[in-house]
Novice: 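Dropping a structure here in structure tokens format, bear with me for questions.
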Amino acid sequence: MGWQQRISLALAERREKQQFRQRRVSQHDDVRTLCVNDRRYLNFSANDYLGLSRDRNVIAAWQQGAERYGVGAGGSGHVTGYGAPHQAFEQQLADWLGYPRALLFISGFAANQAIIAAMLQKNDRIFADRLAHASLLEAASLSPATLRRFAHNQPEALAKLFSPADGGETLVVTEGVFSMDGDSAPLQELHQLTALHNGWLLVDDAHGIGVTGEQGRGSCWQQNVRPELLIVTFGKAFGLSGAAVLCSEETADYLLQFARHLIYSTAMPPAQAFALQTALRAVQQGDDLRARLQKNIRLFREGAAAGGLAILPSSTAIQPLLVGEEQAALRLAERLRERGCWVTAIRPPTVPPGTARLRITLSAAHQEEDIQRLLEALHDANGQ
Ligand SMILES: *Cc1c(COP(=O)(O)O)cnc(C)c1O
């Protein structure tokens with residue numbers, strides 16, 4: 001049919017299903033708010049849980065790093081792109097999280113793609129939580145391994161997938177805190193079950209790191225579990241971007257041989273690795289920020305419960321309000337915008353059909369009055 005027609009058809013289908021996605025230019029002068037088309041809104045859709053994207057020390061470190069190291073790595077880590085700031089930050093992460101090694105990636109998406117592609121072979125199996133992030137599921141379905149998904153957060157469902165192994169290895173994949181539901185995985189049970197069958201567990205803790213656990217060490221630390229592969233990302237609570245895998249000495253060496261994203265892609269800018277060290281210190285010393293975030297979560301949940309809102313059971317910064325139908329979710333988000341609150345409607349295919357929702361995210365940067373305004377807006381918008 002030709003490229004042109006294929007593209008036009010795909011777009012027409014998206015529009016017909018009302019799933020056409022568009023970006024909007026948004027401007028951020030601080031963490032609490034954003035401006036779109038010259039109008040200012042309270043921002044309840046960012047993942048900047050501790051407000052570190054605007055931290056003065058982190059900004060200063062990035063500037064200083066740029067002066068010192070330039071703005072680009074100039075090559076992949078295997079050539080000349082691996083510098084002292086990368087090495088220092090990897091070491092700090094490994095020490096902090098109690099692993100022998102950490103390897104940096106330019107994003108969480110890249111880390112998940114690279115690791116799954118490098119680890120899995122034909123005859124292997126990936127058992128993934130049904131709600132695992134797109135970067136994990138996409139990598140799994142591209143890999144030569146067999147992908148099976150198990151019911152969300154149900155170790156019993158995972159148990160049924162193991163069968164007397166007919167060769168190959170098994171990787172179980174889950175998240176620490178789920179990005180669209182805000183709930184936490186039962187990591188102890190998943191890890192024990194996986195180990196019992198000689199498999200390895202990969203935990204993507206993009207939304208737990210910095211937020212939960214002592215010093216913000218994340219979901220695994222909090223639940224006292226050490227998965228063989230732990231992914232942490234820096235685009236959420238750390239306020240910047242990038243990611244790392246925490247693993248054993250030998251696994252790190254293996255990934256350095258076979259993870260193609262590490263070999264054929266320009267390394268993270270050294271200035272960023274330098275700034276990330278300052279962000280890490282802010283996270284480690286961030287008990288006040290985490291307490292403020294927890295207070296906001298409590299305020300929101302108490303207010304929402306009192307108002308009879310259908311919020312999902314989540315004790316994290318991600319507070320989803322289940323709506324159901326896509327159009328209803330879009331309309332509710334629109335009414336909230338009219339009331340000055342920016343909240344994103346999340347709909348299929350990002351979440352299962354019939355579970356469209358508002359994904360409300362809270363930050364330590366929000367003030368009590370911001371939460372009250374959101375609750376009032378939700379109350380008014382719902383009553384309409
Ligand atoms: C955001 C996210 C990613 C992707 O991380 P980036 O650094 O933004 O590419 C991966 N996994 C999960 C669970 C996420 O929420």
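Counting starts at 1 for both ligands and their atoms, in listed order. Heavy-atom basis, side chains included; hydrogens, waters and symmetry copies ignored.
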Novice: Regarding ligand 1, does Glu175 bring an N or O atom to under 3.5 Å of one of the ligand's N or O atoms?
Specialist: no

Novice: Mark up the atoms of ligand 1 that fall under 4.0 Å of a heavy atom belonging to Phe109, in ascending order.
Specialist: 4 (C), 5 (O), 6 (P), 9 (O)

Novice: Can you see whether Glu169 engages Trp200 through a side-chain donor-acceptor pair at a distance of less than 3.5 angstrom?
Specialist: no

Novice: For atom 7 (O) of ligand 1, what's the nearest protein heavy-atom neighbour? Residue, atom name and distance, please.
Specialist: Gly108 N, 2.7 Å

Novice: Rounded to the nearest 0.5 Å, how far does CZ of Arg54 lie from CG of Leu52?
Specialist: 12.5 Å

Novice: Using modelled atom types only, decide if a donor and an acceptor are shared between the side chain of Gln257 and the backbone of Asp253 within a distance under 3.5 Å.
Specialist: yes

Novice: Identify, by atom number and element, the atoms of ligand 1 in contact range of Ser179, meaning under 4.0 Å from any of its heavy atoms.
Specialist: 15 (O)

Novice: Does one side chain, of Gln92 or Gln277, offer a donor that lies under 3.5 Å from an acceptor on the other?
Specialist: yes

Novice: In ligand 1, which numbered atoms sit nearer than 4.0 Å to a non-hydrogen atom of Ser107?
Specialist: 7 (O), 9 (O)

Novice: With no hydrogens and no angle check, do the side chains of Asn47 and Arg359 hold a donor and an acceptor under 3.5 Å apart?
Specialist: yes

Novice: Would you please indicate yes or no on a ring centroid separation below 6.0 angstrom for Tyr264 and His78?
Specialist: no

Novice: Contact between ligand 1 and Ala243 is defined here as a heavy atom of the residue under 4.0 Å from a ligand atom; is it met?
Specialist: no

Novice: Between Asp204 and ligand 1, does any nitrogen or oxygen pair lie at a separation below 3.5 Å?
Specialist: yes

Novice: Check ligand 1 against Ser135 and write out every atom of the ligand that is under 4.0 Å from a heavy-atom position of the residue.
Specialist: 10 (C), 11 (N)

Novice: Any N or O on Thr233 sitting closer than 3.5 Å to an N or O of ligand 1?
Specialist: no

Novice: Can you find a side-chain donor-acceptor pair between His152 and Asp183 that sits under 3.5 Å?
Specialist: yes

Novice: What residue and heavy atom of the protein are closest to atom 15 (O) of ligand 1, and at what distance?
Specialist: His207 NE2, 2.6 Å

Novice: Taking the six-membered ring for Trp, are His207 and Tyr49 parallel (under 30°), tilted (30 to 60°) or perpendicular (over 60°)?
Specialist: tilted

Novice: N/O of Ala206 under 3.5 Å from N/O of ligand 1, yes or no?
Specialist: no

Novice: Suppose we measure from atom 14 (C) of ligand 1 to each protein heavy atom; which comes out shortest, and what is that distance?
Specialist: Lys236 NZ, 2.9 Å

